[in-house]
2 protein chains.
Amino acid sequence: MPQNTSTYHQQFRKHLERVVLIDDEAFEEIIQCFSIKEISKKDYLLRPFQVCRYESYIIKGLFQTTMIDDEGRQHTLHFPHEDWWVGDFKSFRKEQESNMEIFAVEDALLLQISKSAMYQLFDISPAFERFFRIMAENAAMALQDRLLKNYSHNAESKLLEFQKKYPSLKNRLSQKQIASYLGVTPEYFSQMVKKK
Amino acid sequence: MPQNTSTYHQQFRKHLERVVLIDDEAFEEIIQCFSIKEISKKDYLLRPFQVCRYESYIIKGLFQTTMIDDEGRQHTLHFPHEDWWVGDFKSFRKEQESNMEIFAVEDALLLQISKSAMYQLFDISPAFERFFRIMAENAAMALQDRLLKNYSHNAESKLLEFQKKYPSLKNRLSQKQIASYLGVTPEYFSQMVKKK
DNA sequence: AAAAACGCTTAAGGTAGTTTAATTTTTTAC
DNA sequence: GTAAAAAATTAAACTACCTTAAGCGTTTTT
């Protein structure tokens, strides 16, 4: 149960200020548009074929964002966690059914904003829009890196890369979950770690 | 040789206005920050280890953006063409050496903007910054789709997808180039099209 | 016009990762 | 604390795609 809201607000403000300058007044305008949401381990933040109505800043917790393909295999896009964002951006922006599902791997606490509130904020606060421009650029750069690494690296070096990039996630996820992020079967993953 | 500059300006303005509203005055401010550049077939827009100093709007032409991995294999990120943008965004924004190379597949004509000019424009024109927020979001969505398709589809269905998405590129690229985009060898590509 | 470079094809042998299925170990739920 | 469910392991057969290598046609360079 959230006890001290202002602590979360401070954390969120720091997150924004790592990217853009925000004065007290502007932050007040921004934070008013967000609402807090708790979500328990194993609960869904977004089910397949739902429209994603919120972008959510993660105060605490861990999620898994997956896509189920035509053969029923599950592929993991990523594991959003503390001090980052979670949502299906395509579904959010186009207001169309999502082909992704998002669920909580650990109990989580979120700050959520709706699309209409976000677009209103963009109109009154250029700093807020700049923040999301830079976030989108960062997301595109990270995805490009990952795509190219998928072309050029085998499963073993992708695993090393993952462990190096997200050392804290190692103990919070099962082998099966990491395998699904790397794009290999749990059986092959098991063989791979044994061999090492 | 560019003969009628205003035609290109009109094309570029239409491109911007598909996303944001721009009045005459704002467009004048924007277009002043761009310079025109010609580049011939086979010439490099960006060589490996260079810093990418410009983002370029493509008036006409076709490029290939590739990455050379540690084993010397070439992987194609994409084929930027008319009415789109070309550059290595990561190198551009961080002003660091690029691990990509970009060269013209066909003679091309560009409108180029430097980083300092772009950042100045962001400060004086929120519409221009909004345009790039939306561009970055689109890029991230497209890369996410492509990444997930790489996990779930084999080479044959990735080829069908490519042909469906870029029907006009089929005749402008060699099999070898398309193979490098799909992430397979030219030899396997050849077998694949024969089998079909 | 000749030489060189490049792109496409074909084929044989090889490998990274999959599939299936059975067994064991760990985690979850009441 | 125990039953049930899920995760991890192991192994054998299989497949999508790679590597190498050689030959041929076309384009580019000189």
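Below, read A as the first sequence line, B as the second, and so on, with proteins coming before strands; counting in each chain starts at 1.
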Would you please indicate yes or no on a ring centroid separation below 6.0 angstrom for B/Phe92 and B/Tyr54? no
Report the nucleotide, chosen from D/dC17, C/dA16, C/dT10, that has the shortest atom-to-atom distance to any side-chain atom of A/Asn154. C/dA16
Separation of C/dT18 P from A/Leu182 CG (nearest whole Å): 10 Å
D/dT10, D/dA8, C/dA11: which one has an atom nearest the side-chain heavy atoms of A/Lys194? D/dT10
Over how many whole Å does the gap from A/Leu173 atom CG to D/dA7 atom P extend? 12 Å
State whether the side chain of B/Gln177 and the backbone N or O of B/Ser174 hold a donor-acceptor pair below 3.5 Å, judged by distance alone. yes
Looking just at side-chain N and O atoms, do A/Arg133 and A/Asn138 make a donor-acceptor pair shorter than 3.5 Å? no
With nearest nucleotides of DNA chain D determined for B/Lys158 and A/Gln177 from heavy-atom distances, which residue corresponds to the more 5′ nucleotide? A/Gln177
Strictly below 4.0 Å: does A/Arg73 bring a side-chain N or O up to OP1 or OP2 of C/dT19? yes
In whole angstrom, what separates A/Asn171's CG from D/dA7's P? 17 Å
A/Tyr188 atom OH is separated from D/dT15 atom C1', nearest whole Å, by 14 Å
N or O in side chain of A/Thr185 less than 4.0 angstrom from C/dT18 OP1/OP2: yes
Closest nucleotide among D/dA11, D/dA8, C/dC8 to the A/Gln175 side chain: D/dA8
Where each residue is assigned the nucleotide of DNA chain D containing its nearest heavy atom, which of B/Phe189 and B/Lys42 is assigned the position nearer the 5′ end? B/Phe189
How long is the line joining CD of B/Glu156 and C1' of D/dT15, in whole Å? 14 Å
For B/Tyr151 and A/Asp69, test the side chains for any donor-to-acceptor distance below 3.5 angstrom and give the result as yes or no. no
Using the rule salt bridge (Lys or Arg N to Asp or Glu O under 4.0 Å), only one of B/Lys14, B/Arg18, B/Arg13 pairs with B/Asp83; which is it? B/Arg18
Distance, rounded to the nearest Å, where B/His153 contributes NE2 and D/dC17 contributes C1': 18 Å
Rounded to whole Å, please give me the gap between NZ in B/Lys176 and C1' in C/dA5. 11 Å
Measure from CD on A/Glu187 to P on D/dT10 and round the result to the nearest Å. 13 Å
